[in-house]
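Convention: sequence-line order gives letters A, B, ...; per-chain numbering from 1. Remember, predicted model here, so these are calculated numbers, not experimental data.
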Number of protein chains: 2
Amino acid sequence: MGTELKSPEKPPDDARRNRLLDAALGVFLRYGFRKTSMDQVARAADVSRQGLYLHFATKEDLFLATLQHSMEVSLRLASEGLSDVSLPLEERLVRGFDAWVGRYVGMLGADARDLSEVLSASGVQEVATRHETLFLEAVAKLLRASGLVAAYKSTGLTARQLTDTLYATARGLKYSSGTREAFVQGIGVAIRALCMPLGASR
Amino acid sequence: MGTELKSPEKPPDDARRNRLLDAALGVFLRYGFRKTSMDQVARAADVSRQGLYLHFATKEDLFLATLQHSMEVSLRLASEGLSDVSLPLEERLVRGFDAWVGRYVGMLGADARDLSEVLSASGVQEVATRHETLFLEAVAKLLRASGLVAAYKSTGLTARQLTDTLYATARGLKYSSGTREAFVQGIGVAIRALCMPLGASR
DNA sequence: AATTGACAATCTGGGTCCATCTTGTCAAAT
DNA sequence: ATTTGACAAGATGGACCCAGATTGTCAATT
């Protein structure tokens with residue numbers, strides 16, 4: 001019976017927490033886990049170093065929370081893009097893959113190779129693959145619902161196979177694209193090619 | 001007017017040289033440039049260490065010759081696959097990409113990251129991109145000749161765009177496929193999807 | 001032509017020492 | 001709730017040395 005309204009999914013004190021996590025993401029992706037210091041993150045988030053410890057007990061805690069938060073944001077953005085019925089199919093797919101993969105293009109530094117090690121040394125790895133599965137299933141679902149899979153019926157290819165192919169393309173573009181714009185460009189071409197059987201309307 | 005026949009492109013003493021280069025390729029890809037010793041390569045090629053110096057002045061010479069040879073072999077195999085008119089289009093494309101990309105899946109070790117550094121620090125880098133261009137143009141040419149580009153006419157996509165998309169897919173599969181077989185499987189799916197507009201004829 | 005044995009010059013990896021940075025915690029102040 | 005200042009314990013990185021590996025070359029041998 002308080003006077004405040006609380007969103008059950010998002011406690012209000014998450015505003016600051018999210019700011020910290022967003023700042024941390026950029027630093028971690030650029031410099032990796034070891035070469036990133038709490039002081040560096042604190043300055044990026046414009047808080048004191050001790051302010052970080054007020055929310056995260058250790059550096060590893062901060063890191064894992066950062067990745068988890070990043071994945072949740074990516075999945076949410078991707079889902080929103082994929083399910084935006086006001087957009088044509090191609091655009092929905094582009095936004096989905098841009099949110100899930102393109103977001104990180106150009107953000108990874110050379111020292112960021114230890115991220116996956118720290119990640120796999122914790123239980124968050126499973127969260128990552130679970131979110132990945134959710135994203136891929138959302139894409140496959142959209143491909144089915146849009147009638148695209150039916151259009152590929154003569155090939156016998158499943159929605160999951162088409163999805164995996166598109167995902168492989170996205171991963172390939174991620175490593176060869178210098179900028180996010182180039183990635184969007186590339187995945188857009190791939191998606192247009194894939195969606196051609198539905199007719200190049202407009 | 002000797003009694004021997006000489007292929008003008010392949011001097012006969014290349015037999016031994018090629019054996020050395022093939023052996024060297026496997027070692028270099030697995031252990032990288034620095035962590036690979038001439039002794040290691042010599043043992044892999046079943047020759048003495050000094051036997052290597054009889055053909056290659058320095059370790060770097062051997063390395064660059066190895067990469068150049070490897071690219072030439074890949075390009076030759078890929079060209080043979082792409083131009084094999086006895087095969088259906090899909091199979092020709094699969095063989096092309098398998099020769100150009102799949103051949104190396106699973107062969108790269110964790111220490112092989114310094115290969116690109118040494119490569120870019122020499123003039124061979126240009127050879128690599130030139131061969132890559134030749135491969136991609138061969139693919140694009142096949143896509144045009146097969147009528148596939150025409151089938152995509154309504155999308156406005158060019159042969160080069162379709163080719164680049166397929167190449168991005170291949171690169172994505174390269175990093176996620178543990179084995180060459182898995183790669184061939186994946187690129188086969190992608191190619192079947194791409195070739196669908198020509199009809200899933202047998 | 002290729003091999004073995006041997007060689008000096010050089011490179012590499014391990015080890016130690018030590019100064020510096022970083023982490024995680026605390027009390028006092030706003 | 002957050003900040004500043006401060007702190008000990010521990011991690012990190014650079015300088016240095018040294019043993020062993022590696023490179024590139026040679027002469028003698030098949």
Side-chain angles (χ1 to χ4, degrees), chain A residues 2-4 6 10-24 26-28 30-66 109-115 117-118 121-122, chain B residues 2 4 6 10-24 26-28 30-67 109-115 117-118 121-122:
Chain A
T3 58
E4 312 147 24
K6 267 198 191 177
K10 301 178 182 177
D13 65 331
D14 269 14
R16 185 179 192 89
R17 183 188 156 96
N18 285 347
R19 271 202 26 247
L20 301 183
L21 291 174
D22 286 338
V27 182
F28 276 127
R30 233 178 272 287
Y31 301 103
F33 179 75
R34 280 178 319 183
K35 303 201 76 169
T36 292
S37 68
M38 294 294 270
D39 192 67
Q40 218 171 148
V41 175
R43 274 186 276 107
D46 204 42
V47 295
S48 67
R49 191 170 66 87
Q50 289 76 353
L52 283 180
Y53 284 102
L54 229 38
H55 291 260
F56 308 96
T58 69
K59 181 180 172 182
E60 190 172 338
D61 270 13
L62 169 61
F63 172 66
L64 295 179
T66 297
D111 301 317
R113 258 178 286 93
D114 63 342
L115 296 188
E117 303 172 21
V118 182
S122 74
Chain B
E4 311 151 23
K6 268 197 190 179
K10 301 179 183 178
D13 67 330
D14 268 14
R16 183 178 193 88
R17 183 188 155 94
N18 285 348
R19 269 202 28 247
L20 301 183
L21 291 175
D22 285 340
V27 182
F28 276 126
R30 235 178 271 286
Y31 302 104
F33 179 75
R34 281 176 317 184
K35 304 201 75 167
T36 291
S37 68
M38 295 294 271
D39 191 67
Q40 220 170 145
V41 175
R43 274 186 276 109
D46 205 40
V47 296
S48 67
R49 190 171 66 88
Q50 288 78 351
L52 282 181
Y53 284 102
L54 229 39
H55 291 260
F56 307 97
T58 69
K59 181 181 173 182
E60 190 172 338
D61 271 13
L62 169 62
F63 172 66
L64 296 179
T66 296
L67 285 200
D111 300 316
R113 258 178 287 96
D114 63 342
L115 296 188
E117 302 173 23
V118 183
S122 75

Round to a whole Å and report the spacing from [atom1] of [X] to [atom2] of [N].
{"X": "B/Arg16", "N": "C/dT3", "atom1": "CZ", "atom2": "P", "answer": "5 Å"}
{"X": "B/Arg34", "N": "C/dT12", "atom1": "CZ", "atom2": "P", "answer": "8 Å"}
{"X": "B/Lys59", "N": "D/dG24", "atom1": "NZ", "atom2": "C1'", "answer": "12 Å"}
{"X": "A/Phe56", "N": "C/dT23", "atom1": "CZ", "atom2": "P", "answer": "15 Å"}
{"X": "B/Leu52", "N": "C/dA2", "atom1": "CG", "atom2": "P", "answer": "11 Å"}
{"X": "A/Leu62", "N": "C/dT22", "atom1": "CG", "atom2": "P", "answer": "15 Å"}
{"X": "A/Lys35", "N": "D/dT12", "atom1": "NZ", "atom2": "C1'", "answer": "11 Å"}
{"X": "A/Tyr53", "N": "D/dG5", "atom1": "OH", "atom2": "C1'", "answer": "16 Å"}

Quiz item: What residues in residues 36-48 of chain B put a non-hydrogen atom under 4.0 Å from any atom of DNA chain D?
Solution: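 The stretch gives B/Thr36, B/Ser37, B/Met38 as the residues lying under 4.0 Å from the strand, ordered by number.
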
Quiz item: With a 4.5 Å limit on heavy-atom distance, are the side chains of B/Leu21 and B/Phe56 in contact?
Solution: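 Yes; the side chains approach each other to less than 4.5 Å.
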
Shortest non-hydrogen separation from [X] to [Y] and the atoms involved:
{"X": "A/Glu117", "Y": "A/Arg113", "result": "OE2-O, 3.9 Å"}
{"X": "A/Ala24", "Y": "A/Thr66", "result": "CB-OG1, 3.4 Å"}
{"X": "A/Thr36", "Y": "A/Lys59", "result": "O-NZ, 2.6 Å"}
{"X": "A/Leu62", "Y": "A/Met38", "result": "CD2-SD, 3.8 Å"}

Quiz item: In terms of heavy-atom contacts, does CZ of B/Arg34 have more than 12 from other residues, nucleotides or ligands at under 6.0 Å?
Solution: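 Atom CZ in B/Arg34 is not packed in, count stays at 12 or less.
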
With a cut-off of 3.5 Å and sequence neighbours excluded, list every side-chain donor-acceptor pair involving residues 42-51 of chain A.
residue : atom : partner : partner atom : Å
A/Arg43 : NE   : A/Asp39 : OD2          : 3.0
A/Arg43 : NH2  : A/Asp39 : OD2          : 3.1
A/Ser48 : OG   : A/Gly51 : N            : 3.1

Using a cut-off of under 3.5 Å, enumerate the N/O to N/O pairs linking the protein to nucleotides 26-30 of chain D.
none

Quiz item: Does A/Lys35 offer a backbone N or O that forms a donor-acceptor pair with the side chain of A/Asp111 under 3.5 Å?
Solution: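 Checking the backbone N and O of A/Lys35 against the side chain of A/Asp111, no donor-acceptor pair under 3.5 Å is found.
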
Please list, pair by pair, any protein nitrogen or oxygen found under 3.5 Å from a nitrogen or oxygen in nucleotides 7-9 of chain C.
none

Self-check item: Contact under 4.0 Å: A/His55 side-chain N or O vs D/dT2 OP1/OP2
Solution: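 Yes, such a contact exists.
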
Quiz item: Given the rule that a pair is Watson-Crick or G-U wobble with both distances under 3.5 Å, how would you write DNA chain C in dot-bracket, using | for pairs to a different strand?
Solution: ||||||||||||||||||||||||||||||

Quiz item: Considering residues at least two apart in sequence or located in another chain, which fulfil the side-chain contact (heavy atoms from CB on, under 4.5 Å) criterion with A/Leu115?
Solution: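 Scan of A/Leu115 (side-chain contact (heavy atoms from CB on, under 4.5 Å), adjacent residues dropped) gives A/Leu29, A/Phe33, A/Phe63, A/Ala112.
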
